[in-house]
Undergrad: 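After the structure tokens below, expect a handful of questions from me.
Heads up: numbering here begins at 1 and tracks the sequence. Computed from heavy atoms alone, side chains included, the values below leave out hydrogens, waters and symmetry copies.
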Amino acid sequence: MKHKGTSIIAIAAAACLLLSLTLTSCTSPMKEAKLEASVDANGCEMPAVSGFMKSDSINGKLEQTFAPLAQSVKEITDQSDGRLRVEYRMEEKNSGILGSEYLVTMYLTDGVENLELKSVKVSGFDDVSDAGSSDSGVEWITSADLAGAALTMQHLGIAFDRASLGDLCSERDAVDLFIRLYESLAGHETDISEVSVSEQIDDFSRKAMLLHLIPCSVDYPYEYSDSAYTYRMLEIVCETLTDIERDVYGRQSETVLGEEFTDMLRTVYETARVHEVEGSEYHWSALGTVDLGDILHTMELEHAPFTRRDAAELLGRITKSGPKYAMTYSDRHLERIEDSLGSIWVRRAITHGFMNYYGESTLFAPDEGLTVVNALSCARTYYSTRYNDWLCSVDYAWDGNYTNADVLIAAARTAEYFSDRTDEDKNFEVKTVINDRDYNWFYSQHDTGPYSAVNCMPTIATMASHWYDQNSSATVEKMRDTNESTDGWYPHELRHALDVYNVPYTIEDATMSTITDAIDDGKIVLAQYSDRPEGMSGHCYVIYGYKSFKDSITFIVNDSDSLRYRAQLFGRENGNGDELEANFSMWSISRFVSDVTVVG
């Protein structure tokens, strides 16, 4: 019994001594605890603290704790061109009778936003323990791309689940992230109030349709695939870039410079590629091995306004440098393209499908400037053509799917494309005038009798008649009967038909100001145009509104035989309410006719 009592006393004494030492070590010295300059461990920045009785021992444990993550992060920061760095911070927590506890936290930072990588608790008991941070960091930070993407998304306030970044991404996941990206950069939620579709289609899909991220389906819900495939991601990225340029920055009428176009090509390449795997060495490879700046310098076009002829040459030079050019592309079909275009590069671009009609085109206006929106469309056309050609001509193995991490990187790179823009760069809509009616006055030329194929002018005459007089008895067939022609009409035949139905009009010069002034006066404009080669017939439409931006204009038109590349307003017949970039519209009108017919 005595021996046992002695032991209890000894233990109690030891406990008192330990408590005394603990209080000594955790009160006064701990108040001076601070984070010192980092020490170097195998080239990695590591934290070091002072103010603890056993700082050397604690610093050793800190190095053991952070070293594995620091090695991984060092690779990231080395690849980031100085944009990212590691910081350690210490804050006091849980001050109490036994002294203070501290958190030492490791961050990845770009100088503005910080991404917490790991946090540990430090106390004077020579103790370093996990602070329960949400991620160990090592598993998901595998590249500078992903770390930079995470920071970019945080900049924009877009939430994402880091825990799921290794999982396969569905197409709906990708569309959702790019809708949120668009809305974040636009600064407002997408307005779907004008989207008239079936009640079966949810608001999410309505937004996706409005932003062109999925095909339009007026009657049936869109069926999303289980995984985001390469070509669909290319479409999603390019449509988002295009919509932001057009809607947020209003740059649809601005002509790109050579360096801007190459930047667009590089951006699309960087954001929409999949991880290349063994056997896929030729997938997207040409751009990856071509010095775009060097090609521009050779063409002396770095800072010059970029025409569609120039774009065709740049794309041709890039393609010709690719490893499979001879296998996939040939000049043997060039004779099918007229030589009057005066450029072997334009003929190649058309023959190989890199560039098509205006809007996606260089065919009929090779010397016209390449606008921002059309340049992005051209970039997508180029890559999708090359992708399809390589897919058919090269035998390689790849999975073709995007993970959540890939989609996050693609979204972040798309955001970074706009990272240097300020509010002053934004070209917001400043004026909208649309002389519509509260009843339907749109007519299609299809199924309008034996002359349906050439009934565009009788059809716009019919539209004008019903726009002017809701109770007009005009039909396309009746309008056709006002003239004896069995072919397409000339302007004098159009105006004779208007006279027959007592529709007032004037003949004005075909200028931008004529059209916008007429719209401002509450009138509409009937215009002929051609975007086809010289000598071919033209087409026509009714211009009944416009949207004016700081530096550009969009016409609102009714087209009786709408071309596929124009933006469709959902819930209306195709061709009703098309939006047409005004500079192109004026080019296609003035090259074909010298005047327009103003109704009202």
Side-chain angles (χ1 to χ4, degrees), residues 431-445 448 451 454-483 485 488-530 537-548 553-563 566 569 572-573 575-580 582 584-586 588-590 592-600:
K431 182 180 181 180
T432 298
V433 183
I434 301 178
N435 298 328
D436 206 351
R437 296 298 193 227
D438 58 5
Y439 55 86
N440 181 31
W441 55 281
F442 174 80
Y443 282 78
S444 169
Q445 72 185 74
T448 56
Y451 306 110
V454 292
N455 265 348
C456 56
M457 292 189 78
T459 306
I460 67 168
T462 304
M463 289 192 224
S465 180
H466 283 269
W467 177 86
Y468 180 72
D469 179 3
Q470 181 178 3
N471 298 315
S472 171
S473 62
T475 66
V476 177
E477 292 86 343
K478 290 179 180 179
M479 279 291 182
R480 161 63 67 176
D481 290 341
T482 61
N483 290 280
S485 172
W489 280 4
Y490 288 93
H492 71 271
E493 293 167 309
L494 168 71
R495 291 157 188 163
H496 173 70
L498 296 177
D499 288 334
V500 170
Y501 279 87
N502 299 312
V503 178
Y505 65 87
T506 58
I507 301 171
E508 308 288 349
D509 291 336
T511 66
M512 182 84 78
S513 60
T514 294
I515 293 174
T516 55
D517 288 348
I519 301 299
D520 286 339
D521 288 341
K523 301 176 181 180
I524 61 175
V525 178
L526 313 185
Q528 274 189 295
Y529 73 94
S530 174
S537 60
H539 189 45
C540 57
Y541 42 58
V542 181
I543 305 173
Y544 68 95
Y546 69 88
K547 296 178 181 178
S548 177
I553 294 176
T554 297
F555 286 154
I556 311 299
V557 307
N558 276 348
D559 186 336
S560 62
D561 184 25
S562 182
L563 297 179
R566 305 220 182 105
L569 297 181
R572 298 183 178 185
E573 292 182 72
N576 184 359
D578 283 349
E579 296 190 9
L580 195 59
F584 162 63
S585 183
M586 293 312 306
S588 62
I589 291 171
S590 60
F592 193 64
V593 293
S594 60
D595 52 49
V596 293
T597 303
V598 177
V599 172

Undergrad: Hey, what do you get for CG (D595) to CD (E508), rounding to the nearest 0.5 Å?
TA: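 Taking CG in D595 and CD in E508, the distance rounds to 9.0 Å.
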Undergrad: With a cut-off of 3.5 Å and sequence neighbours excluded, list every side-chain donor-acceptor pair involving residues 460-468.
TA:
residue: T462; atom: OG1; partner: P458; partner atom: O; Å: 2.8
residue: S465; atom: OG; partner: S472; partner atom: OG; Å: 2.6
residue: H466; atom: NE2; partner: Y443; partner atom: OH; Å: 3.1
residue: H466; atom: NE2; partner: A474; partner atom: O; Å: 2.7
residue: W467; atom: NE1; partner: N435; partner atom: O; Å: 2.9

Undergrad: Hey, does F555 have a side-chain heavy atom less than 4.5 Å from the side chain of V525?
TA: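 No, side chains not in contact.
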Undergrad: Identify the heavy atoms of E579 and I556 that sit nearest to each other, and give their distance.
TA: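 In terms of heavy atoms, the two residues are closest at CG-CD1, 3.8 Å.
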Undergrad: Within a strict 4.5 Å, meaning less than it, do heavy atoms of the V476 and Y451 side chains meet?
TA: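 They are not in side-chain contact.
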Undergrad: Looking at side-chain heavy atoms only, is the closest gap between R495 and I507 below 4.5 Å?
TA: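 Yes, their side chains come closer than 4.5 Å.
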Undergrad: Take L494 and Q528 through the test side-chain contact (heavy atoms from CB on, under 4.5 Å) and record every step on the way to the result.
TA: CA-CA 11 Å; L494 168 71; Q528 274 189 295; over 6 Å; no
Undergrad: For the residue pair N576 and Y544, what are the closest heavy atoms and their distance?
TA: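 Minimum heavy-atom contact is OD1-OH, 4.1 Å.
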Undergrad: Will you find, in the side chains of K431 and Y546, an N or O donor that is under 3.5 Å from an N or O acceptor?
TA: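 Their side chains do contain a donor-acceptor pair, which is all the 3.5 Å distance test asks for.
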Undergrad: Write down the atom of S444, the atom of S560, and the distance for their closest heavy-atom approach.
TA: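 Nearest pair, atom of S444 first, then S560: OG-O, 3.5 Å.
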Undergrad: Would you please name every residue forming a side-chain hydrogen bond (donor to acceptor under 3.5 Å, both in side chains) with S585, sequence neighbours left out?
TA: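 Here the qualifying residues are Y541.
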Undergrad: Does D559 form a side-chain contact (heavy atoms from CB on, under 4.5 Å) with L580? I'd like the steps, not just the answer.
TA: CA-CA 10 Å; D559 186 336; L580 195 59; over 6 Å; no
Undergrad: Which one of R480, Q445, E477 satisfies the side chain to side chain donor-acceptor pair (under 3.5 Å) criterion with N455?
TA: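 Result: among R480, Q445, E477, R480 is the only option passing the side chain to side chain donor-acceptor pair (under 3.5 Å) with N455.
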Undergrad: Can you see which heavy atom on I589 is nearest to which on A510, and at what distance?
TA: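 That closest heavy-atom pairing would be CG2-CB, 3.9 Å.
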Undergrad: Mind checking side-chain hydrogen bond (donor to acceptor under 3.5 Å, both in side chains) for S485 and listing every partner two or more places apart, or none if nothing turns up?
TA: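 side-chain hydrogen bond (donor to acceptor under 3.5 Å, both in side chains) list for S485, sorted by chain: empty.
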Undergrad: Does D499 form a side-chain contact (heavy atoms from CB on, under 4.5 Å) with Y505? I'd like the steps, not just the answer.
TA: CA-CA 9 Å; D499 288 334; Y505 65 87; 3.1 Å; yes
Undergrad: Do you know which two heavy atoms are closest between M586 and I515, and how far apart they sit?
TA: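 M586 and I515 have their closest heavy atoms at SD-CD1, 3.6 Å.
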Undergrad: Return the minimal non-hydrogen interatomic distance between Y529 and C540, and the atom names on each side.
TA: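 Minimum heavy-atom separation between Y529 and C540: CE2-N, 3.7 Å.
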Undergrad: Should V598 and D521 count as side-chain neighbours, where that means a heavy-atom distance under 4.5 Å?
TA: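 A side-chain contact under 4.5 Å is absent here.
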